[in-house]
Amino acid sequence: MDDKTRYLIVSIEGESFAIPITSLLEITVPRNIQKDQKLSEIFEGKLDYRGKMIPVVNLKKVLKLPGNPGGGLIVVKSSKGVLGLLVDTAKELLETSQKPVPMPRGVLNPSLNYYAGILRNREDLVVLLNEDGLLP
């Protein structure tokens, strides 16, 4: 039995983050994002995704990283619905049998529910994002 799980590794300001492939719907570029003043500051707006308007989250704002919104758009499904995530680049697929290690105590505020753990990708550590915890 194959116990491997696949993750999409994305880059945001030079840091690597992982998103489970099971949540991934599409990798594309952001087009026609419409500003919406009713959305909080973590959103760049919303866009038409296959006939339905979805919110677009600027992950740099969520993660409190500097820089302009990323040039890549990852569309994911979460328990709260479909959403777009702006990233700098989609780097690679990681297929691994390792289980994510919980974030060490004291490293991050435990109330930050958008982190799901840490994975090792060759010599690098990759933070696993919790797509269900990205929306307020």
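What you see below is based on every heavy atom in this structure, not just the backbone, and it leaves out hydrogens, waters and symmetry mates.
Taking CG from Leu119 and NZ from Lys99, the interatomic distance works out to 10.5 Å, rounded to the nearest 0.5 Å. Considering CD1 of Ile33 and CG of Leu73, their distance stands at 6.5 Å, rounded to 0.5 Å. Once rounded to the nearest 0.5 Å, the distance linking CD1 of Ile19 with OH of Tyr7 reads 12.0 Å. Distance CG/Asn58 to CG/Leu86: 5.5 Å, rounded to 0.5 Å. Rounding to the nearest 0.5 Å gives a distance of 9.5 Å between CG of Leu24 and CG of Leu85. For the atom pair CD (Glu92) and CD1 (Ile9), the distance works out to 6.0 Å, reported to the nearest 0.5 Å.
Proximity of Thr5 to Pro20: side-chain heavy atoms (C-beta onward) are nowhere separated by under 4.5 Å. Leu47 places none of its side-chain heavy atoms less than 4.5 Å from the side chain of Asn32. Put simply, the side chain of Val57 does not reach to within 4.5 Å of the side chain of Glu44, judged on heavy atoms.
Here the side chain of Glu131 pairs no donor or acceptor atom with the backbone of Val76 at under 3.5 angstrom. Remark: side-chain polar atoms of Asp88 are paired, donor with acceptor, to backbone N or O of Glu13 under 3.5 angstrom. Between the side chain of Lys60 and the backbone N or O of Ile12, no donor-acceptor pair lies under 3.5 Å.
Here the shortest heavy-atom pairing between Thr22 and Lys77 reads O-CE, 3.1 Å. The two residues Ile54 and Gly84 come nearest to each other via the heavy atoms CD1-N, 3.8 Å. Of all heavy-atom pairs between Ala90 and Val10, the closest is CA-CG1, 4.2 Å. Of all non-hydrogen atoms in Val126 and Phe17, the two that sit nearest each other are CG1-C, 3.6 Å. When all heavy atoms are compared, the tightest approach of Gly71 to Pro30 is O-CD, 3.2 Å.
The hydrophobic cluster containing Met53 does not contain Val56, counting ILVMFWY residues as joined when their side-chain heavy atoms lie under 4.5 angstrom apart, directly or transitively. Under a hydrophobic-cluster definition in which Ile, Leu, Val, Met, Phe, Trp and Tyr are linked whenever side-chain heavy atoms come within less than 4.5 Å, directly or via other members, Leu65 and Phe43 are assigned to the same cluster. Under a hydrophobic-cluster definition in which Ile, Leu, Val, Met, Phe, Trp and Tyr are linked whenever side-chain heavy atoms come within less than 4.5 Å, directly or via other members, Ile42 and Leu83 are assigned to the same cluster. A continuous path of Ile, Leu, Val, Met, Phe, Trp and Tyr side chains, each step under 4.5 Å between heavy atoms, connects Leu39 with Leu63, placing both in one hydrophobic cluster. Transitive grouping of hydrophobic side chains (ILVMFWY, heavy atoms separated by less than 4.5 Å) brings Leu129 and Leu93 into a common cluster.
Residues satisfying the salt bridge (charged side-chain N to carboxylate O under 4.0 Å, His left out) test with Asp36, not counting sequence neighbours, are Lys46.
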